[in-house]
2 protein chains.
Amino acid sequence: MTDTAPARPRRSDATRAAILRAARERFAADGYERATIRAIAADARIDPSMVMRYYGSKEGLFAAAAEFDLRLPDLTRVPSGQLGETLVRHFLDRWEGDETLAALLRAASTNPGAADRMRGIFADQLGAAVATFGTDPETTARRAGLVAAQILGLALTRYIVRLPPIVAMPPAEVVGWVGPTIQRYLTGSPD
Amino acid sequence: MTDTAPARPRRSDATRAAILRAARERFAADGYERATIRAIAADARIDPSMVMRYYGSKEGLFAAAAEFDLRLPDLTRVPSGQLGETLVRHFLDRWEGDETLAALLRAASTNPGAADRMRGIFADQLGAAVATFGTDPETTARRAGLVAAQILGLALTRYIVRLPPIVAMPPAEVVGWVGPTIQRYLTGSPD
DNA sequence: ACCGTATGCCAACACCTGTTGACACGCCAG
DNA sequence: CTGGCGTGTCAACAGGTGTTGGCATACGGT
């Protein structure tokens, strides 16, 4: 068994946290390859070699920095007519409150490991949430995939590529437009 | 005036084309930073310095390789009820027949210039197409942006991140699910 | 046949990258 | 007080990057 959580607080915990914070910022702003360990270390005001000691490698650092929980609400407690609206609002909040998702999305375009993690998050977490309410199990994966496609497209155009009309839309209007789409992907049928 | 098109075919045109083809492949597969000039030159079976002579710099090469025309159909000739379906089918074809778009999307996540070009393509070309049929000019930019968000999300999950359920969907089913979404973004109203 | 020029290769540059090992300081248990 | 260990810095390595200039060669017009 790997001894996680001996709970003994180490003096270096603050440094570890600073590194992680700087890493998330840099990965979110620059993507995986342009976010250099040296720049991250400089932001955290320590030597680059510390990053290696605490996280092993750049890949290890990214893996630690890209840990993420969508914190999806319990969809069984949401009125079935408001699923889309609720999810879109939740994703907007989650996206704007934590730059980890932006880091993950930026990196996922070029880094296979990041793409892997992205797949995992949206397949596992979103897939599980979609499976909680009673749609045909045969189609849940597809429905979750379609939701992911719309949500990620929204995130891509709003936070990464920054298409002006999408950036300019207030959250409420985004919910108004995209909510029904998500609703249909979850509970509707094609064509 | 810059003398474009003296129409005199140069002996090096084949080389130029080979470089461009290799560049599109590499940019599409690896993104901007990981696609190295050396690797592109090796694919094209020439010396890296030739790339510099013909395209000036890596940025110049990318700019040439990322030239792209969506070739959107004339939307005024499409029955207004089939706009969504038509557009989705067109985008799927365009995306699968030319890796330039994939290169552009991969690069747009990390390279500001690529993001710029992406914005240009979807604002100018898609925006113009959406403007051709008579919706309120006030909302055309927003409608075009929403369409871009859904289409780019579909492309991201199908060709870049490769979410299994989206990859597995046959084109006809994609059209069946996403077509109505695009239709609503073009001709419908929120909420 | 000749010569200029377009085409291509080679070697090198300056720089930046992730990563490593040796060395210094300071906290804390004994 | 005195070790030992956790924390941090410094300098360097080996490799890869975009980019540059010089040199060979072969084409094409005269």
Rounded distance in Å - CE (A:Met50) to C1' (D:dT9)
8 Å
If you look at every strand shown and take non-hydrogen atoms under 4.0 Å, does B:Thr15 touch a base, only sugar-phosphate, or nothing?
sugar-phosphate
To the nearest angstrom, the CZ-P distance between B:Arg16 and C:dT7 comes to 7 Å
When the distance from CG of A:Asp47 to C1' of C:dT20 is rounded to whole Å, what number comes out?
12 Å
Of all the choices, D:dG18, C:dT19, C:dC9, which nucleotide is nearest to the side chain of B:Lys58 once you look at every atom?
D:dG18
Counting side-chain heavy atoms from C-beta on, which of C:dT19, D:dT9, C:dG8 comes nearest to B:Tyr54?
C:dG8
The test is side chain to side chain contact (heavy atoms under 4.5 Å, CB included); show your working for A:Leu92 and A:Arg158 and say whether it passes.
CA-CA 10 Å; A:Leu92 281 180; A:Arg158 192 171 170 93; 4.1 Å; yes
How close or far is atom C1' of D:dT19 from atom CD of B:Glu59, stated in whole angstroms?
14 Å
Side chain of B:Thr36 (C-beta onward), nearest among C:dG18, D:dG18, C:dG8:
D:dG18
Interatomic distance, B:Arg26 CZ vs D:dT17 P [rounded to whole Å]
10 Å
Rounded interatomic separation in angstrom, taking CD1 from A:Ile37 and P from D:dC13
20 Å
Do B:Thr110 and A:Arg106 have side-chain N/O donor and acceptor atoms under 3.5 Å apart?
no
Between C:dA6 atom P and B:Asp13 atom CG, what is the distance in whole Å?
14 Å
Counterpart residues, side-chain contact (heavy atoms from CB on, under 4.5 Å), relative to A:Gln82 (two or more places apart)
A:Val78, A:Pro79, A:Glu85, A:Thr86
Quick one: B:Met52 CE to C:dC13 P, roughly how many Å, whole number?
18 Å
A:Thr139 side chain vs A:Asp136 backbone, donor-acceptor pair below 3.5 Å
yes
Closest of D:dT7, D:dG21, C:dG21 to the A:Arg53 side chain is D:dT7
Check every strand shown and say whether A:Tyr55 touches a base, only sugar-phosphate, or nothing at a heavy-atom separation below 4.0 Å.
nothing
A:Arg16 to A:Tyr54, cation-pi by 6.0 Å centre distance and 45° axis angle
yes
Does any N or O donor sit under 3.5 Å from an N or O acceptor when you compare the side chain of B:Arg38 with the base of D:dG16?
no
